[in-house]
Structures are given as C-alpha cells and as structure tokens.
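Quick note: numbers below take in every heavy atom, side chains included, and nothing from hydrogens, waters or symmetry partners.
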There are 2 protein chains.
Amino acid sequence: MAHKGRKAVTSFDVAERAGVSRSMVSRAFSNSPEISKESRDKVIAAAKELGYRVNYLARGLQTKQSDLVGIVVSALDTPYRSRQVKVTASECIKLGYRPILLTAETPGEVETLVAMLFNYNVAGMIITSAAPSSEIINEARSLSVPVVLINRDSSEAGADTVQTDLEQIGRLAFDMLSRSGGKRFAVIEPETPSYSVTGRAASFRDVCAAAGQPAQTFVAPSQSYDAGYDIGGAIGLSLADLDGIFCSTDLLALGVMDRLRHDWNARIPEDLEVVGFDDIEQAAWKSYDLTTIRQDADEQARLAVRVMSERITDPDREPSHVSQIVTPIFRNTTRRNQ
Amino acid sequence: MAHKGRKAVTSFDVAERAGVSRSMVSRAFSNSPEISKESRDKVIAAAKELGYRVNYLARGLQTKQSDLVGIVVSALDTPYRSRQVKVTASECIKLGYRPILLTAETPGEVETLVAMLFNYNVAGMIITSAAPSSEIINEARSLSVPVVLINRDSSEAGADTVQTDLEQIGRLAFDMLSRSGGKRFAVIEPETPSYSVTGRAASFRDVCAAAGQPAQTFVAPSQSYDAGYDIGGAIGLSLADLDGIFCSTDLLALGVMDRLRHDWNARIPEDLEVVGFDDIEQAAWKSYDLTTIRQDADEQARLAVRVMSERITDPDREPSHVSQIVTPIFRNTTRRNQ
DNA sequence: TTGAAAGCGCTAACAC
DNA sequence: GTGTTAGCGCTTTCAA
C-alpha cells in the first residue's frame with residue numbers, strides 16, 4: 001500500500017500561525033458567513049505561508065459526505081469506450097465528483113472491484129462493463145449508494161440505467177439496408193454475449209424475420225476489428241447470397257470490409273452493403289466511409305452522470321431507466337443514401 | 001457535492017454484535033496476528049450479518065497512509081492514450097492503489113486539477129498531459145507526493161519521468177526512410193507544440209540535416225487524423241519533390257495517406273514512403289498497413305506506475321528519468337522492409 | 001464573531 | 001489475546 005509523507009500541516013498549525021482557533025480555519029475554507037473579513041484574510045495568509053491544504057478526506061469523515069465516485073469500465077482501449085469514459089470523467093469532475101477509475105475485463109474482476117468501492121465510501125458509481133451481480137446491486141441499495149448501468153440489462157431492480165433503444169436499432173438497420181431494394185441480409189454478433197451488442201443483433205434479426213426475410217447470423221470471436229477481419233473470410237464465401245450486412249459494432253464492420261476487399265476483391269457497396277454501429281471516429285475515415293448508426297457517447301455519458309447525481313441528491317426516488325435514441329449516419333457503404 | 005447516505009454500520013456496531021471490542025474488529029480486518037481464531041470468526045460473522053465494510057478513508061486518516069493516486073490525462077479518446085491509461089489504471093489497482101482519473105485538456109485545467117489532488121491526500125500522481133507548472137511540482141515535492149511525468153519535459157527538477165528516447169527516434173525514422181535510397185524527406189509536426197511529438201520531428205530534422213539532406217517541414221493543425229487529412233493537401237502538391245515522409249503520429253500518417261490516395265491518386269509507397277509513430281492498433285489495419293515506430297504503451301504505463309510506487313516507498317531518493325526504447329515496425333508503406 | 005469541546009470511523013500504543 | 005484510551009484532521013454545536 002502507500003506510504004504517505006504529507007508534511008502534516010494541519011488546520012491546527014494554520015490556526016496557531018494566524019492567531020485564531022481551528023474553527024476559524026475551518027470556517028475560512030468552507031466559505032462560511034460566520035467569519036469576519038479580517039479573520040479570513042489572516043487565515044488565508046497563514047495557510048499560504050505554510051502551504052496548507054484542507055484534507056477533504058478528513059472533512060468527509062466529519063460531514064459524512066463523499067465526493068468520490070466509481071467508474072467501472074472494460075475495454076477502455078477501444079474507440080467508443082474511451083470517448084465515453086473521457087466525458088463521463090469530465091462530467092463528474094465538472095459536478096464536483098472525483099472519479100476513481102476501475103478497469104475490469106472479467107465479471108469476476110468487476111465483482112471484486114465494485115465491492116471494494118464500498119470501502120471508499122463512494123457517493124455513487126457508473127458501470128460500463130459487465131454488470132455486477134444482483135448481490136452487489138443489493139448491497140449498494142442497502143448502503144444507498146446509487147449505481148447506474150450503461151447499456152446493461154436493466155432487469156436488476158435497484159440500479160438506474162441508461163441505454164440505447166434496442167428495438168429502434170433493429171428497425172433502423174433494416175431500413176437502411178432495405179432502401180436499395182436488397183432483401184438477403186446477415187448480421188454479425190460476437191461469440192461472447194454482451195447485453196447491448198448481442199441485443200442489437202437479435203433486434204435486427206427479429207425485424208428481418210417479421211418482414212419475412214430471415215437474416216443469416218455470423219458469429220465473430222469478439223467485437224473487435226480483428227474479429228471482423230476473421231469472420232470476413234466466411235462472409236466472403238457467402239457473398240453471392242447476400243445483399244447487405246449489419247455489423248453490431250463499427251470495429252467489426254471495418255474488419256469485415258478490409259477482409260472482403262483484400263481477399264475477395266469485393267466492392268462495397270456494389271457487392272455488399274454494410275451498416276455498422278456506434279459511429280466511432282474511424283468509421284468516417286476516408287478508407288472506410290462507413291454508413292452506420294450513431295449512439296452518442298457524449299450524451300450517454302452526460303445522461304449517466306446526471307442520473308447518478310440526481311439519485312445522490314434524492315436517494316429514495318424510483319430507479320430511472322433512460323432510453324437513448326440512435327441516429328442513422330449515411331455514408332458510402334450503402335447504395336441509397338437519403 | 002455529494003450526499004452520502006451510508007447506513008453507518010461502524011466497527012462499533014460490529015464489536016457490539018460480536019461481543020468484543022472495537023480493537024478486535026480492527027484486528028480482524030487488518031489480518032493482525034494478535035487475535036484468536038475464534039474472535040476473528042465471531043467478528044467476521046457479525047460483520048457479514050450487518051453488512052459492515054471497513055471505511056478505508058477513516059483508516060487512512062489514522063494510519064497516515066493513502067492508497068489514492070491521481071492520473072491526469074488529456075485526449076483520453078485517442079488510441080494511444082486510451083491504451084496507456086487503461087494499463088496505467090490496471091497496474092495501479094494491481095499494486096493496491098486506487099486511481100482518481102482527471103481529464104484535462106488545457107494547461108490551466110491541469111494546473112487546477114493537480115492542485116486539487118493534494119486535497120485528497122494522494123500517495124502519488126502520474127501525468128500524461130501537459131506538464132504542470134514548476135510551482136505545482138515544487139508543492140508536490142514539499143508535500144513529498146511523487147509525481148511522474150510521461151513523455152514530458154524532464155527539466156523540472158523533482159519529478160520523475162518516463163519518456164521515449166528522442167534521439168533514437170530521429171535516427172530510426174531516417175534509417176527506415178533511407179533504406180530504399182530516397183533522399184528527399186519531409187516531416188509533419190503539429191502546430192501546437194507538444195514536448196514529445198514536436199521533439200520527434202525536431203530529432204528527425206536534425207538527423208536529416210546532419211546527413212546533408214535537410215528535411216522539409218509540414219505543420220498540421222493538430223496531431224489527429226483530420227489534421228493529417230488536412231495537411232495531406234499540401235503534401236500532395238509537393239509529391240514530386242518528396243521521397244518519404246515521417247509523420248510524428250500514426251493518426252497524422254493515416255490522415256495523410258487517405259488524402260493522398262483520395263485526392264491525388266497517389267500510390268504508397270511507390271509515390272511516397274510513409275513512416276508513422278506510435279504503432280496504434282489502426283496502423284495495422286489492412287487499409288493502411290503502416291510502417292511505423294512503436295512506442296510500447298503497456299511498458300510505458302508499467303514503468304510509470306513502478307517508478308511512482310518506488311518513489312512512494314522511498315521518497316528521498318533521487319528523481320529517476322527512465323528512457324524507453326522504441327522499435328521499428330516494417331509494414332507496407334516503405335519499400336524496403338528488412 | 002469567536003473559541004472550546006465533542007465526535008466522525010478508525011487504528012495503535014499500552015496495560016491487563 | 002483482549003480491552004481501554006488517545007488521537008488522526010476535520011467540522012459543528014454550543015456558549016460566550
């Protein structure tokens with residue numbers, strides 16, 4: 001663990017130096033009205049000379065407040081996620097919270113780390129990785145620390161959620177792919193189930209089925225570019241039977257396109273139309289120019305922080321489940337773009 | 001700020017429930033040897049029943065230790081950076097530290113946030129954004145909180161640093177571009193100076209000059225893909241006068257390539273050889289297949305955390321400045337690849 | 001306005 | 001082994 005060498009200049013030292021009591025020091029730094037201008041000035045001056053900093057942790061102990069919050073994330077080194085976390089963190093900071101960043105790749109890790117967060121008396125937490133067990137959610141509930149889940153299953157009673165509208169996604173993808181008249185569609189989903197990305201694929205499949213055009217499913221080893229490149233081989237084999245494909249992730253789409261062009265000399269969108277999901281920065285890169293469905297990472301993050309913050313100030317209100325709308329972004333991997 | 005509704009089950013409650021003293025509770029949770037197995041078991045059982053969690057913040061107040069550390073980062077939504085932060089955070093956690101994530105885009109923000117970190121009694125901090133002022137570094141020194149700078153100017157006495165070897169980079173880029181016999185080189189650097197990326201460009205320029213082949217400089221608006229796409233226009237104009245170009249960032253390189261291919265119908269490497277820097281994941285994508293210079297983000301992060309941790313345990317030792325080696329990655333944007 | 005005193009949740013001597 | 005006491009750095013009654 002951590003040694004801590006702080007030179008221990010405390011409110012006591014400042015008080016002594018300024019010739020006032022410790023209460024006065026406290027008042028000076030919590031802009032209390034119960035202090036005269038002279039006292040405040042004396043205190044501030046003394047504090048500066050001594051290099052004093054209020055210890056917020058000690059303060060929190062006394063006031064029974066905490067401005068620490070937890071952010072639990074997996075795959076932070078991924079374009080969408082990193083954007084999401086960036087704005088989640090900055091929104092937290094803007095609102096006066098201090099985010100502790102916990103990276104967890106497996107459900108087990110999530111479990112351990114989230115549990116640990118309780119020891120730090122966090123005011124709330126935002127989870128954008130595998131969802132923790134209901135056991136943990138319940139503990140959070142009984143400790144009354146708000147937890148908001150991003151794009152995770154909302155069936156866990158007690159947690160607030162922010163998530164994209166799965167049904168809309170399926171309909172939209174189907175619509176975007178259908179505009180040019182194509183009817184033979186496929187969808188790619190990752191092998192390891194993920195509530196949101198597996199859900200998108202399922203939603204698309206449902207819409208296709210309802211339209212009497214059952215979609216073929218390709219299972220990729222993960223959600224990454226490499227996984228897309230990998231499954232692109234199988235897709236190449238089926239090129240003649242397919243009009244369009246919905247990739248549950250932009251990264252997957254990019255990998256697929258590269259494989260198809262490289263090994264199958266396929267032209268996109270002429271030979272196959274492609275629709276991705278996320279609208280990561282790379283989707284707009286000229287080599288891809290991917291038609292996709294945007295989920296707004298910034299908005300998602302802001303919503304999550306807002307929900308958490310509202311729940312912190314009003315712990316007893318009903319859990320809220322906010323649903324986020326998604327937008328079609330037409331670029332050049334579909335034929336009809338309007 | 002944050003209300004905190006923790007249901008206040010304290011060591012006192014557990015002690016009462018277990019029929020022992022609070023010291024015993026403390027001992028049970030800090031695996032002290034000074035406790036009998038029976039007592040420990042009783043305590044653990046009582047704690048579980050009550051849903052007790054040790055308050056680490058209160059503990060820290062008493063033990064004068066803190067396992068909180070700060071990570072200050074800019075441009076987290078960028079491939080290299082997100083990877084770097086991911087492993088920095090996970091390394092911290094692995095070592096028992098809890099990273100507070102602070103995102104700061106401007107030097108002013110960095111200043112404010114770093115200062116704020118002192119209020120949380122952090123055991124140390126890792127900065128991978130603009131470097132804070134020497135005033136702050138000095139404050140950190142006097143409070144004896146270690147600060148390690150990644151790829152920032154090391155002239156600030158007192159801070160530890162981890163950075164890539166700038167001289168090696170220039171030589172390497174020159175060498176990689178020279179293998180095919182080309183002699184007319186250029187380099188791209190961002191408008192807004194950055195210690196590391198401006199340094200790379202300067203280093204390359206020096207080596208070129210020393211070889212009697214002064215390099216042309218293109219100034220891009222930033223370090224991003226879009227900036228590369230932008231300056232790619234100017235580079236297209238000079239295509240006939242150039243054999244190779246060193247892009248101080250992979251993102252820049254990718255943007256340049258896309259622009260050159262799209263608007264100038266340029267073939268790479270036939271018409272122009274390109275060498276990037278970083279080796280982000282996207283550099284390996286088939287549409288680019290970029291020859292580049294790898295700086296190992298994982299290693300960099302691990303080094304930074306290690307340096308910080310060593311400095312925490314031994315605050316009085318001399319600041320260490322570790323220099324990181326960089327590796328050539330030959331792919332297909334240069335003609336001779338061995 | 002100001003200060004004295006109590007106490008947040010915890011651990012660390014110190015005695016038993 | 002175990003309990004008692006004091007105290008970490010801070011804020012907050014409560015009197016003055």
Review point. Listed by chain and number, what are the salt bridge (Lys or Arg N to Asp or Glu O under 4.0 Å) partners of B:Glu16, not counting sequence neighbours?
Key: none
Does any part of the side chain of [Y], heavy atoms only, come nearer than 4.5 Å to the side chain of [X], both counted from C-beta?
X        : Y        : answer
A:Lys37  : A:Arg40  : no
A:Gln295 : A:Asn151 : yes
B:Ser74  : B:Arg81  : yes
A:Glu111 : A:Ser133 : yes

Review point. Counting only side-chain N and O atoms of B:Ser39, is one of them less than 4.0 Å from OP1 or OP2 of D:dT2?
Key: yes
Review point. With respect to the phosphate group of D:dG9, does any side-chain polar atom (N or O) of B:Lys64 fall under 4.0 Å of OP1 or OP2?
Key: yes
Spacing between [X] atom [atom1] and [N] atom [atom2], to the nearest angstrom:
X       : N      : atom1 : atom2 : result
B:Asp13 : C:dC10 : CG    : P     : 9 Å
B:Leu57 : C:dG9  : CG    : C1'   : 10 Å
B:Met24 : D:dT4  : CE    : C1'   : 12 Å

Revision key, fill the gap. Between B:Ala58 and B:Val20, the residue closer to the 5' end of DNA chain D by nearest nucleotide is B:Val20
Check your understanding: Toward the 5' end of DNA chain D, which comes first, B:Ser36 or A:Ser11, by nearest nucleotide?
Key -> B:Ser36
Point to revise | DNA chain C-proximal residues of residues 42-50 of chain B, any heavy atom under 4.0 Å | key: none
Review point. What does A:Val25 touch in the nucleic acid at a heavy-atom separation under 4.0 angstrom: a base, only the sugar-phosphate, or nothing?
Key: nothing
Check your understanding: If you round to the nearest 0.5 Å, how far is CZ of A:Phe118 from CG of A:Leu143?
Key -> 6.0 Å
Exercise for review: Give the nucleotide from the list D:dT2, D:dT11, D:dG9 with an atom nearest to the side chain of A:Arg59.
Suggested key: D:dT11
Point to revise | Partner of B:Met125 by side-chain contact (heavy atoms from CB on, under 4.5 Å), out of B:Leu102, B:Ile71, B:Leu117 | key: B:Leu117
If you restrict it to nitrogen or oxygen atoms, what contacts under 3.5 Å exist between nucleotides 12-16 of chain C and the protein, and what is each distance?
residue, atom, partner, partner atom, Å
C:dA12, N6, B:Ser23, OG, 3.1
C:dA13, N6, B:Arg27, NH2, 3.3

Exercise for review: Run the salt-bridge test on A:Lys94 and A:Glu91 with the 4.0 Å N-O cut-off and return the result as yes or no.
Suggested key: yes
